[in-house]
Engineer: 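Below is one structure. I have some questions about it.
Side-chain atoms are counted along with the backbone in the values below, which use heavy atoms only and exclude waters and symmetry mates. Bear in mind that the values here come from a model prediction, so they are computed numbers and not experimental data.
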Amino acid sequence: MPESINRSLVGMSPIQLRGYYVREFNFRINSDFDPGKPSESSFNDLQFKFQLGSLDKKDIQEDSEIYEFWESMFSVKYESGGTARINSPYYFSISITGLFCLNKKSYEKRGMQMGNKAFIEHNSQSILYGIVRQIVSSFMDKGPFPSAILPTLFFSPVNIAPPDKA
């Protein structure tokens, strides 16, 4: 593995997370969990929600010619679905909101091909999900059952059709 990274490959992102807060968090032990059986959970058991909104310029005291501000809400839920029983030690739901700042000049200078909203939407989901992973993991670490790490996800800026099942 190389000892250093070429500075041309690393730079300040035009989008910055200015802050976030947890809107809602519910974490509980699955009383039906059987540690003697394998966990049956999968990626498809996770439910996601995402909302994005721009903030009113009159509420911002920074130069609106240079910066755009966005509020992004991201939620993840993992629960036993109806009659289906998932053998998983924990259930949770979490919703967080982040305040993001886009430096329009930096964004334009990089020659990005997607619009500002699409860029914010794509990147804010990825940033907030990383925070959600850490919060959920830290609570699992304190429980009576082995901890798990939520899967690493890929957030695509475009709609991608799922692969055909052969």
Side-chain angles (χ1 to χ4, degrees), residues 1-2 5 9-55 68-102 107 112 114-166:
M1 187 152 88
I5 297 175
L9 299 177
V10 178
M12 193 75 155
S13 173
I15 180 178
Q16 294 296 312
L17 174 64
R18 289 288 182 95
Y20 72 91
Y21 61 94
V22 177
R23 294 177 61 92
E24 180 181 328
F25 185 48
N26 181 0
F27 185 86
R28 68 182 193 278
I29 294 172
N30 175 6
S31 58
D32 296 328
F33 176 63
D34 183 350
K37 293 181 180 176
S39 178
E40 300 162 351
S41 60
S42 75
F43 170 75
N44 293 328
D45 296 324
L46 294 169
Q47 299 170 34
F48 301 94
K49 277 188 191 173
F50 178 74
Q51 290 178 319
L52 181 69
S54 61
L55 296 177
E68 277 183 16
F69 289 87
W70 297 81
E71 185 176 58
S72 178
M73 190 276 297
F74 188 79
S75 299
V76 181
K77 186 175 185 177
Y78 179 75
E79 302 255 340
S80 178
T83 58
R85 297 284 181 237
I86 301 169
N87 191 40
S88 177
Y90 306 107
Y91 295 133
F92 66 88
S93 64
I94 184 169
S95 177
I96 67 173
T97 296
L99 174 63
F100 291 88
C101 174
L102 175 68
Y107 178 77
M112 302 290 193
M114 67 176 78
N116 291 6
K117 183 178 180 183
F119 181 75
I120 292 286
E121 191 171 70
H122 171 71
N123 285 281
S124 66
Q125 290 178 67
S126 183
I127 292 166
L128 292 176
Y129 180 68
I131 295 167
V132 163
R133 282 181 81 206
Q134 181 58 40
I135 292 170
V136 171
S137 235
S138 71
F139 271 78
M140 285 185 190
D141 286 344
K142 292 164 181 56
F145 301 115
S147 180
I149 297 175
L150 294 177
T152 304
L153 300 183
F154 168 71
F155 292 88
S156 175
V158 295
N159 291 329
I160 298 176
D164 291 333
K165 293 184 180 178

Engineer: Are Glu121 and Phe155 close enough that some pair of their side-chain heavy atoms sits under 4.5 Å apart?
Structural biologist: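 Glu121 vs Phe155: side chains apart.
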Engineer: Could you check whether the rings of Phe33 and Phe145 sit parallel, tilted or perpendicular, using 30° and 60° as the cut-offs?
Structural biologist: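 Because their plane-to-plane angle is over 60°, the rings of Phe33 and Phe145 count as perpendicular.
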Engineer: Check each of Tyr91, Tyr78, Tyr90 against Phe27 using the ring pair (Phe, Tyr, Trp, His ring centres under 6.0 Å) test, and report the only one that passes.
Structural biologist: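 Considering Tyr91, Tyr78, Tyr90, a ring pair (Phe, Tyr, Trp, His ring centres under 6.0 Å) with Phe27 is found only for Tyr90.
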Engineer: Please tell me if the side chains of Val76 and Phe92 come closer than 4.5 Å, counting only heavy atoms from C-beta onward.
Structural biologist: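 Val76 vs Phe92: side chains touch.
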Engineer: Shortest non-hydrogen contact from Ser95 to Ser75?
Structural biologist: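 Of all heavy-atom pairs spanning Ser95 and Ser75, the closest is OG-OG, 3.0 Å.
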Engineer: Atom CD in Gln51, atom CD in Glu71: separation rounded to 0.5 Å?
Structural biologist: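 Reported value, rounded in 0.5 Å steps: 9.5 Å.
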Engineer: Please check: side-chain N/O of Asn123 versus main-chain N/O of Ile15, any donor-acceptor pairing under 3.5 Å?
Structural biologist: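 No.
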Engineer: Using a 6.0 Å cut-off, check whether atom OH of Tyr20 has over 12 heavy atoms from anything other than its own residue.
Structural biologist: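 No - once you tally the heavy atoms of other residues, nucleotides and ligands closer than 6.0 Å, there are 12 at most.
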Engineer: Spell out, as yes or no, whether a donor-acceptor pair under 3.5 Å connects the side chain of Asn30 to the backbone of Asn87.
Structural biologist: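 Flag not set: sc Asn30 to bb Asn87 has no pair under 3.5 Å.
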Engineer: Can you tell me how far CD1 of Ile127 sits from CZ of Phe74, rounded to the nearest 0.5 angstrom?
Structural biologist: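 Phe74 atom CZ to Ile127 atom CD1 measures 11.5 Å (nearest 0.5 Å).
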Engineer: Tell me whether Gln16 at atom CD has more than 12 heavy atoms from other residues, nucleotides or ligands lying less than 6.0 Å away.
Structural biologist: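 Enclosed.
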Engineer: Rounded at 0.5 Å granularity, tell me how far CZ in Phe50 sits from NE2 in His122.
Structural biologist: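 One finds 11.0 Å between CZ of Phe50 and NE2 of His122.
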Engineer: Taking C-beta and beyond as the side chain, do Leu46 and Pro151 meet within less than 4.5 Å on heavy atoms?
Structural biologist: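 Touching, per the 4.5 Å side-chain cut-off.
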Engineer: Give, for atom CG of Leu153 and atom OH of Tyr129, the distance between the pair rounded to the nearest 0.5 Å.
Structural biologist: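 Nearest 0.5 Å value for the CG-OH distance: 4.0 Å.
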Engineer: Hey, could you give me the CD1/CZ distance between Ile96 and Arg23, rounded to the nearest 0.5 Å?
Structural biologist: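 Separation between the atoms: 11.0 Å.
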Engineer: Considering non-hydrogen atoms only, spot the tightest contact between Gly98 and Leu17 and give its length.
Structural biologist: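 For Gly98 versus Leu17, the nearest heavy atoms are CA-CD1, 4.1 Å.
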